[in-house]
Amino acid sequence: MIGRLNHVAIAVPDLAAAADQYRNTLGAKVGAPQDEPDHGVTVVFIELPNTKIELLYPLGENSPIKGFLDKNPSGGIHHMCYEVEDILAARDTLKSQGARILGDGEPKIGAHGKPVLFLHPKDFNGCLIELEQV
Ligand SMILES: C[C@@H](C(=O)O)C(=O)SCCNC(=O)CCNC(=O)[C@H](O)C(C)(C)COP(=O)(O)OP(=O)(O)OC[C@H]1O[C@@H](n2cnc3c(N)ncnc32)[C@H](O)[C@@H]1OP(=O)(O)O
Ligand SMILES: [Co+2]
């Protein structure tokens with residue numbers, strides 16, 4: 001069901017510093033900060049030859065990454081995003097196998113303008129999974 005690794009997301013305490021570090025220290029191709037109010041985050045995408053890194057910083061009062069950053073004040077790997085061809089079929093299969101879909105269970109439009117869903121980290125070895133329809 002899952003295909004390519006679309007991105008690995010890292011929650012960071014200082015978005016500008018993290019973007020500078022990837023640009024200047026690691027020599028990566030770093031994009032501009034992008035506010036995602038529907039997701040409660042500001043993101044910066046880093047293009048690698050084989051995948052992307054998504055730097056995440058909280059946006060607004062009820063950011064879903066606030067608790068994670070409180071527990072990990074110097075930042076940490078927050079989620080993996082896997083591509084799927086049919087997100088509703090993937091959701092229904094996962095639900096029938098007992099996996100918890102986060103939020104209201106309906107896909108939202110993600111940072112790439114495509115539908116995304118999140119799966120509870122406690123159901124997947126402590127790893128929060130994002131699915132993106134490509
Ligand atoms: C723009 C878009 C895109 O790429 O297109 C994005 O990525 S938006 C990226 C941001 N959006 C999302 O993450 C949406 C989905 N996420 C959520 O709904 C939430 O973050 C939850 C995963 C439910 C966690 O929420 P919150 O931290 O408030 O809940 P909580 O404190 O009750 O946590 C429940 C347990 O999960 C753990 N936990 C929390 N976040 C975790 C993470 N990222 N990875 C692994 N474990 C995690 C906590 O430590 C806790 O474990 P213990 O009980 O053992 O201490
Ligand atoms: Co993501």
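Counting starts at 1 for both ligands and their atoms, in listed order.
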Going by the atom numbers of ligand 1, which of them fall below 4.0 Å from some non-hydrogen atom of [X]?
X	answer
H7	4 (O)
G110	5 (O)
F68	40 (N), 41 (C), 42 (C), 43 (N)
H79	7 (O), 9 (C)

Nitrogen or oxygen of [X] less than 3.5 angstrom from that of ligand 1:
X	result
E132	no
H78	yes
K71	yes
A111	yes

**Request:** Just say parallel, tilted or perpendicular for the rings of H78 and F68, cut-offs at 30° and 60°.
**Result:**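 H78 and F68: perpendicular rings.
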**From the candidates C81, G103, C127, P121, the one that places a heavy atom nearest atom 38 (N) of ligand 1** =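 Of the listed residues, P121 has the closest heavy atom.
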Does [X] put an N, O or S atom under 2.8 Å from the Co ion (ligand 2)?
X	value
H78	no
C81	no
E132	no

**Message:** So for atom CD1, which belongs to I77, do other residues, nucleotides or ligands contribute more than 12 heavy atoms lying within a distance under 6.0 Å?
**Reply:**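 Counting other residues, nucleotides and ligands, CD1 of I77 stays at 12 neighbours or fewer.
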**Message:** Considering non-hydrogen atoms of the protein only, which is the closest contact for atom 17 (C) of ligand 1, and what is the distance?
**Reply:**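 Sorting protein heavy atoms by distance from atom 17 (C) of ligand 1 puts L102 CD1, 3.9 Å first.
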